[in-house]
Each structure stands twice: as C-alpha cells, then as structure tokens.
Amino acid sequence: MSQPNYYANNLLDKLKIKSVKDLQLLELIARERGALVQDKPLQGAEARIAIAGRRAIITVSTLITDPRRRRFSIAHELGHFEMHRSHGNLALCTAADLEDWSAKRAGAAREQEANQFAAALLLPERFFAVRCRNQEPSLDFIAGLADAFSVSLTATAMRFMQFTNEPCAIVFSKDGVLKWFHESKGFKDLGLFVEVHSKPDPATLAAALWEGRSTSKRPRRVQASTWFAAGNWNKDATIVEQSWIFSEYGSMLTLLWVDDDIEDFDVDDE
Ligand SMILES: [Zn+2]
C-alpha cells in the first residue's frame with residue numbers, strides 16, 4: 001500500500017468513518033484532526049494550509065465555486081497536514097498542484113502525494129472498490145460514482161482505473177490536444193499505449209466532437225488503430241470509445257475500453 005493510501009485509511013479508521021454519508025462531513029473530519037477550514041481570497045493559489053504544531057488552518061480560495069473542487073482542495077491540504085507537517089508549516093497550492101497526478105515537474109512529489117491522499121480519502125477503497133469490480137466501464141457509470149461521492153468526474157475516473165478488472169483507460173484532452181492518459185492494470189498488461197501531445201485521429205469520436213461533427217455522448221465502436229501506438233495487437237481489432245466534451249473548460253474526457261481479445265497471436269507463430 002502506498003503511503004498516501006496508508007495515511008487516508010488510517011484516518012478513516014481513527015474517526016470510525018462507516019459510510020459514504022459520513023465522508024460528506026469533510027470539514028468536521030478536518031476539525032477532528034485539528035484543522036479548521038475557512039474561505040478567503042487568496043493570491044496566486046487555490047488553497048493553503050498554515051500549520052502550528054498539531055493545529056492548522058486550511059484556507060480555500062473564494063474563487064473556487066465548484067463544491068467538488070473545494071472538497072478536493074480541503075482533502076489535498078489535509079493530506080499535507082497528515083503526511084508532510086515535518087517538512088514545513090506552510091503549503092500554498094496552485095491549480096497546477098491540485099491537478100498534478102503524473103507530471104514530472106520538479107519538486108512536485110509532495111503535491112502528487114497530497115492528491116493521492118485526497119483521492120484515497122474521498123473515494124476510499126473500502127467503499128469504492130467494490131462498486132468498480134465486475135462493472136462494464138462507461139462514463140455514465142463513472143459519473144454516477146462521482147455524484148455519489150461528490151468528487152470530480154476526472155478524479156473518479158482515475159480512481160476507477162485503479163480498481164476495475166477491465167482493460168480500459170481514460171484520456172484527458174485540452175483544446176483539441178491529447179494531454180495524458182491513465183490506464184487500468186488490464187490495459188497495461190496488454191502493453192497498450194496512447195500517444196499523447198497530438199491531436200486525436202480524425203476517425204475517433206473525440207475528433208468528431210472537437211470539430212463539431214458529432215454531439216453524441218454515447219459509447220461507439222472504433223478501430224483500435226485510431227487510438228493505440230504500435231504494439232502487439234491485431235490490426236483489425238476494434239474497441240469501445242466514449243468521449244464527453246466540456247466546452248466551457250475546453251476539455252474532454254475519453255474512456256477507451258478493450259471489450260474483446262485484441263492480442264495478435266500470429267506474432268508468436270513464426
Ligand atoms: Zn499542495
């Protein structure tokens with residue numbers, strides 16, 4: 001178990017959190033741990049924590065109006081308090097820090113740990129994992145989980161990848177460009193890889209949505225070759241793609257699901 005997971009589980013045990021409903025009382029959870037939450041204008045940051053011994057004040061920027069984002073920010077700061085208090089008594093966290101999951105920015109390790117802690121606290125394995133297993137992946141299903149736990153769709157989709165037993169991945173795009181992908185174990189085991197930092201293939205649903213050729217929110221079957229980098233998979237294989245565009249943020253979330261055998265067994269016959 002990774003360190004952020006360990007700390008989040010430990011906190012849930014200590015406070016005897018028994019249900020998803022208990023998790024909604026996040027400010028009370030923070031207070032029980034010694035951290036008070038307040039909302040104030042902040043310059044150049046989304047959230048901050050000031051620590052004095054076993055007590056702390058978490059400040060969330062008043063510019064954050066989305067309650068799920070505010071919730072994630074509080075959990076992130078609580079992560080700094082639980083894990084990093086020996087490293088200093090002030091953390092000032094920007095939007096980039098709160099969105100940092102895998103980027104290799106210098107000095108970002110603690111920010112990623114705080115995000116992992118927030119995901120493990122708000123989407124705890126004990127309540128969340130069982131809902132992901134033996135479930136056909138879809139953005140609709142993940143959105144239902146996001147609603148149930150009051151967490152953003154992206155954070156919930158990433159956590160879903162951790163517990164699903166299906167080979168699938170989510171791809172995040174911004175302004176028409178593929179930015180990053182995050183895969184399940186089954187997807188990784190197939191050796192599949194999505195090329196990022198480029199535009200999606202014109203034959204994908206993602207491209208059709210960006211170009212306004214489609215408005216569909218439903219899953220569609222596409223050629224695996226439109227998404228995957230070269231690998232040991234059958235070149236005629238198809239996969240399921242579902243893409244949702246969020247025009248107001250200029251972003252898109254795509255779910256790719258390998259719902260059938262796509263390994264190219266011919267390679268081994270030679
Ligand atoms: Zn931070």
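Order of listing sets the numbers, starting from 1, for every ligand and every atom in it.
- Heavy-atom contacts from other residues, nucleotides or ligands closer than 6.0 Å to NZ of Lys174 number more than 12.
- The ring of Tyr7 has its center no closer than 6.0 angstrom to the ring center of Phe81.
- Distances from the Zn ion (ligand 1) show that Glu77 has no N/O/S atom below 2.8 Å.
- Looking only at its N/O/S atoms, Glu111 has OE1 as the one nearest to the Zn ion (ligand 1).
- Aromatic ring pairs are classed by plane angle as parallel below 30°, tilted from 30° to 60° and perpendicular above 60°; the pair His76 and Phe72 is tilted.
- With the Zn ion (ligand 1) as vertex, Cys93 SG and His80 NE2 subtend 110°, rounded to 10°.
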*Starting from the C-alpha separation in whole Å, work towards a yes-or-no answer on ring pair (Phe, Tyr, Trp, His ring centres under 6.0 Å) for Phe181 and Phe193.*
CA-CA 9 Å; Phe181 78 100; Phe193 196 82; 5.2 Å; yes

